[in-house]
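Shown next, in structure tokens, is the structure this report addresses.
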Amino acid sequence: MDPRKVFLIELHEIIKDYSEIRNQLVDPTEDNIIWDEFKLSKEEVNALKKYNFDDVALSAIEKTVRDTILGAFHDAFALLDAVADPNIVEVDKTWLGLTLRERELNEEEENEEEENEEFLHDEIYGAYWDWLEQRNKDK
């Protein structure tokens, strides 16, 4: 199967898995969230515990979350494809997007820059602080 198709199919599975949040809504705790920046406060946990979510409500919430995550990926891919421009970062030149490509098993002609390049999944959490700085730069 085409690697792009594999990636996109797997992405839909990831979106589905991450949208299944019923346990976090039905039994919220301050420890349900892995990253400290998004941990729920005691007030937030207590507010969620007040609601008696039934299966229909939980299904509706999960569908809404799934649609929202899918929309976020769509917009991120539009930025990659350069059919959208950066919104909060001012770039010095025309935004041409980024290219993702399939890696070859025995790529020997890697330059030093590529060897030292971090993986996107490793950079995403650190980029949160850069995003926060960009959001607050004019405040």
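Bear in mind that the values here come from a model prediction, so they are computed numbers and not experimental data.
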Is a salt bridge present between Glu20 and Lys16, judged by a nitrogen-to-oxygen distance below 4.0 Å? yes
Do other residues, nucleotides or ligands put more than 12 heavy atoms under 6.0 Å from Tyr18 OH? no
Just wondering, more than 12 heavy atoms not from Glu133 lying within 6.0 Å of its CD? no
Tell me, yes or no, whether the heavy-atom count around Ile124 atom CD1, taken from other residues, nucleotides or ligands under 6.0 Å, exceeds 12. no
Is there a path of hydrophobic side-chain contacts, each under 4.5 Å between heavy atoms of I, L, V, M, F, W or Y residues, that connects Ile21 with Val26? yes
Nearest heavy atoms of Ala82 and Gly97, plus distance in Å: CB-N, 3.6 Å
Give a yes or no on whether Asp2 atom CG has more than 12 heavy-atom contacts from other residues, nucleotides or ligands under 6.0 Å away. yes
Tell me whether Asp67 contacts the main-chain N or O of Lys63 through its side chain, where contact means a donor paired with an acceptor under 3.5 Å. no
Quick one: are Thr29 and Gln24 in side-chain contact, heavy atoms under 4.5 Å? no
What's the shortest heavy-atom distance between Ser59 and Arg22, and which atoms? N-NH2, 3.6 Å
Kindly work out whether a path of hydrophobic side-chain contacts (I/L/V/M/F/W/Y, heavy atoms less than 4.5 Å apart) joins Ile14 to Ile9. no
Look up atom CG in Asp75 and atom CG in Asn87, then write down how far apart they are to the nearest 0.5 Å. 9.0 Å
What's the shortest heavy-atom distance between Lys137 and Ile88, and which atoms? NZ-O, 3.7 Å
Do any N or O atoms from the side chain of Asp54 and from the backbone of Val56 form a donor-acceptor pair under 3.5 angstrom? yes
In terms of heavy-atom contacts, Trp95 and Leu79 come closest through NE1-O, 2.8 Å
For Glu62 versus Ser19, what's the shortest heavy-atom pair and its separation? CG-O, 3.2 Å
Distance col, row Phe73:CZ vs His12:NE2, nearest 0.5 angstrom, shows 10.0 Å
Would a distance-only check, ignoring hydrogens and angles, find a side-chain to backbone donor-acceptor pair under 3.5 Å from Asn46 to Lys42? yes
Given side chains that start at C-beta, do those of Leu11 and Phe77 come closer than 4.5 Å, heavy atoms only? yes
To the nearest 0.5 Å, what is the distance between CD (Glu44) and CG (Leu48)? 8.0 Å
Is there a side-chain contact between Ile69 and Arg66 in this structure, where contact means two heavy atoms from C-beta onward sitting under 4.5 Å apart? no
Find out if a path of hydrophobic residues (ILVMFWY) with successive side-chain heavy-atom gaps under 4.5 Å connects Trp35 to Leu132. yes
To the nearest 0.5 Å, how far apart are OG1 in Thr99 and CG in Asp81? 9.0 Å
Heavy-atom neighbours of Lys5 NZ exceed 12 at 6.0 Å: no
Do Val6 and Leu100 share a hydrophobic cluster, counting only Ile, Leu, Val, Met, Phe, Trp and Tyr and linking them when any side-chain heavy atoms are less than 4.5 Å apart? no
Taking atom CZ of Phe38 as the centre, does the number of heavy atoms from other residues, nucleotides or ligands within less than 6.0 Å exceed 12? yes
Pair Lys49-Asp27, salt bridge (charged side-chain N to carboxylate O under 4.0 Å, His left out): steps then yes or no: CA-CA 7 Å; Lys49 285 183 176 181; Asp27 186 26; 5.4 Å; no
Mind listing the closest non-hydrogen atom pair of Phe53 and Leu25 along with its distance? CE1-O, 3.8 Å
